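Atoms within each ligand, like the ligands themselves, are counted from 1 in listed order. What you are looking at is a predicted structure, and each value in this text was computed from that prediction instead of being measured.
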Amino acid sequence: MAEGILLIISGPSGVGKGTVCRRLIEVRSNLKLSVSTTTRPPRSGEKEDRDYNFTDLDRFKEMIKEGSFLEWAKVHSHYYGTRVAAVRQILSRGEDLILEIDVQGAAQIRRNTPGAVSIFLAPPSLEALEERIKGRGTEDTLRIRQRLIAAREEMQAYNLYDYVVVNDTVEQAAGLIGAILDAEKCRVSRGARPPGWGGERL
Ligand code: 5GP
């Protein structure tokens with residue numbers, strides 16, 4: 001059985017990564033969403049094992065020493081990491097896996113996992129991103145300005161990724177990412193063959 005595809009999705013905060021990823025796993029039964037380990041305290045409504053594995057800093061550091069992470073990074077003063085065992089288990093079952101991770105984590109995976117496919121999710125414009133952040137209604141003016149400055153910096157990393165997908169609408173973005181996955185599965189280098197052929201050369 002062919003191994004599943006490891007799909008990295010990054011993008012500036014407020015671009016709608018979570019919504020697009022949730023839509024993708026709704027429409028593709030073979031696609032799973034990775035659950036990261038974090039030292040960030042749970043937000044209201046977040047559940048252990050569904051949203052994150054919540055842990056403390058000591059345990060997180062132990063896990064780094066034990067080599068438990070495929071990648072890890074410090075993002076906004078908390079630590080986040082992807083457990084290598086969980087990733088291997090899902091990919092070896094032939095299921096595809098989304099990692100919704102930051103730019104630093106994506107760079108580590110590109111170095112240590114050659115078959116991974118990376119996608120940068122971009123807003124239609126910085127003005128649209130500003131509207132989305134304001135639209136959430138949870139941030140004051142100073143916080144909005146800080147998040148927009150951070151978003152501009154995060155946007156600069158787009159050229160480190162294999163693909164850029166614009167999140168015009170959730171449906172369109174999820175459709176494009178699904179198309180990228182389908183195309184990746186047709187790659188000869190991933191083991192795609194004409195029916196009845198085992199890879200012989202004439
Ligand atoms: P939040 O705390 O809002 O859920 O996530 C904050 C940031 O951490 C987001 O940019 C998210 O993509 C990133 N993140 C979540 N899990 C991981 C992970 O396992 N590794 C890395 N490198 N970043 C992560």
Side-chain angles (χ1 to χ4, degrees), residues 6-25 31-57 59-91 96-113 116-123 129 132-133 135-139 143-144 146-158 160-165 167 170 173-174 177:
L6 188 60
L7 190 65
I8 302 168
I9 299 194
S10 307
S13 82
V15 74
K17 285 166 290 186
T19 318
V20 169
C21 290
R22 278 195 299 278
R23 182 67 189 139
L24 271 165
I25 56 170
L31 182 62
K32 304 287 173 235
L33 189 55
S34 168
V35 177
S36 297
T37 301
T38 184
T39 60
R40 169 170 76 62
R43 295 186 185 127
S44 84
E46 281 186 337
K47 274 204 186 124
E48 170 72 17
D49 273 341
R50 188 194 62 186
D51 299 295
Y52 280 106
N53 294 128
F54 297 99
T55 191
D56 58 29
L57 186 57
R59 179 67 196 126
F60 196 96
K61 285 184 172 164
E62 261 172 40
M63 289 175 80
I64 295 174
K65 276 197 201 131
E66 290 161 5
S68 301
F69 294 123
L70 186 60
E71 63 75 34
W72 64 270
K74 192 174 176 189
V75 188
H76 314 310
S77 73
H78 296 294
Y79 288 80
Y80 297 81
T82 305
R83 276 169 305 123
V84 68
V87 170
R88 294 275 160 261
Q89 196 184 36
I90 291 171
L91 296 183
D96 304 320
L97 181 65
I98 301 182
L99 305 184
E100 195 228 295
I101 60 176
D102 87 315
V103 170
Q104 307 166 71
Q108 290 172 54
I109 304 255
R110 271 194 306 275
R111 282 196 297 272
N112 63 19
T113 313
V117 176
S118 57
I119 297 180
F120 188 88
L121 191 65
L129 188 65
R132 279 182 204 177
I133 291 174
R136 283 180 176 178
T138 52
E139 323 259 347
R143 278 278 295 158
I144 290 175
Q146 284 170 343
R147 289 190 53 169
L148 280 169
I149 292 168
R152 243 187 218 113
E153 269 169 33
E154 286 162 345
M155 290 292 296
Q156 289 176 9
Y158 81 88
L160 302 172
Y161 288 74
D162 297 318
Y163 298 94
V164 171
V165 167
N167 188 13
V170 173
I177 295 171

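The atoms of ligand 1 that sit less than 4.0 Å from any heavy atom of Ala73 are 22 (N). Heavy-atom contacts of Thr82 reach the following atoms of ligand 1: 19 (O) (cutoff under 4.0 Å). Ligand 1 places these atoms under 4.0 Å from at least one heavy atom of Gly105: 22 (N). Close approach to Gly81 involves these atoms of ligand 1, each under 4.0 Å from a residue heavy atom: 18 (C), 19 (O).
Heavy atoms of Gln104 stay at 4.0 angstrom or farther from ligand 1. The shortest heavy-atom distance from His78 to ligand 1 is not under 4.0 Å. Arg43 counts as a contact of ligand 1, since one of its heavy atoms falls under 4.0 Å from the ligand.
Between Ser68 and Phe60, every side-chain heavy-atom pair lies at or beyond the 4.5 Å cut-off. Considering only heavy atoms from C-beta on, Phe54 comes within 4.5 Å of Glu46 through its side chain. Counting only heavy atoms from C-beta outward, the side chains of Pro123 and Met155 approach each other to under 4.5 Å. No side-chain heavy atom of Tyr79 sits under 4.5 Å from any side-chain heavy atom of Thr55.
Looking only at protein heavy atoms, the nearest one to atom 19 (O) of ligand 1 is Ser36 OG, 2.7 Å. In this structure, the protein non-hydrogen atom closest to atom 17 (C) of ligand 1 is Tyr80 CB, 3.4 Å. Given atom 5 (O) of ligand 1, the protein heavy atom at minimum distance is Tyr52 OH, 3.5 Å. Distance from atom 7 (C) of ligand 1 to its nearest protein heavy atom, with residue and atom name: Val75 CG1, 3.8 Å. Ranking the protein heavy atoms by distance from atom 20 (N) of ligand 1 puts Glu71 OE2, 2.7 Å first. For atom 10 (O) of ligand 1, the closest non-hydrogen atom of the protein is Lys17 NZ, 3.6 Å. Scanning the protein heavy atoms around atom 23 (N) of ligand 1, the nearest turns out to be Asp102 N, 3.2 Å.
Checked by atom type and distance alone, the side chain of Glu154 pairs as donor or acceptor with a backbone atom of Ser13 at under 3.5 Å.
At a 3.5 angstrom cut-off on N or O pairs, His76 does not count as close to ligand 1.
The residues Arg59 and Glu62 are annotated as salt-bridged, a charged nitrogen and a carboxylate oxygen being separated by less than 4.0 angstrom. A salt bridge is absent between Glu66 and Arg83; no separation between the charged side-chain nitrogens and carboxylate oxygens falls under 4.0 Å.
Within 6.0 Å of the OH atom in Tyr52, the count of heavy atoms belonging to other residues, nucleotides or ligands exceeds 12.
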**Q.** side-chain contact (heavy atoms from CB on, under 4.5 Å) assessment of Thr37 paired with Phe69
**A.** CA-CA 9 Å; Thr37 301; Phe69 294 123; 4.0 Å; yes
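Each of Ile98, Asp96, Leu99 was evaluated against Leu7; a single residue qualifies, Ile98, per the side-chain contact (heavy atoms from CB on, under 4.5 Å) test.
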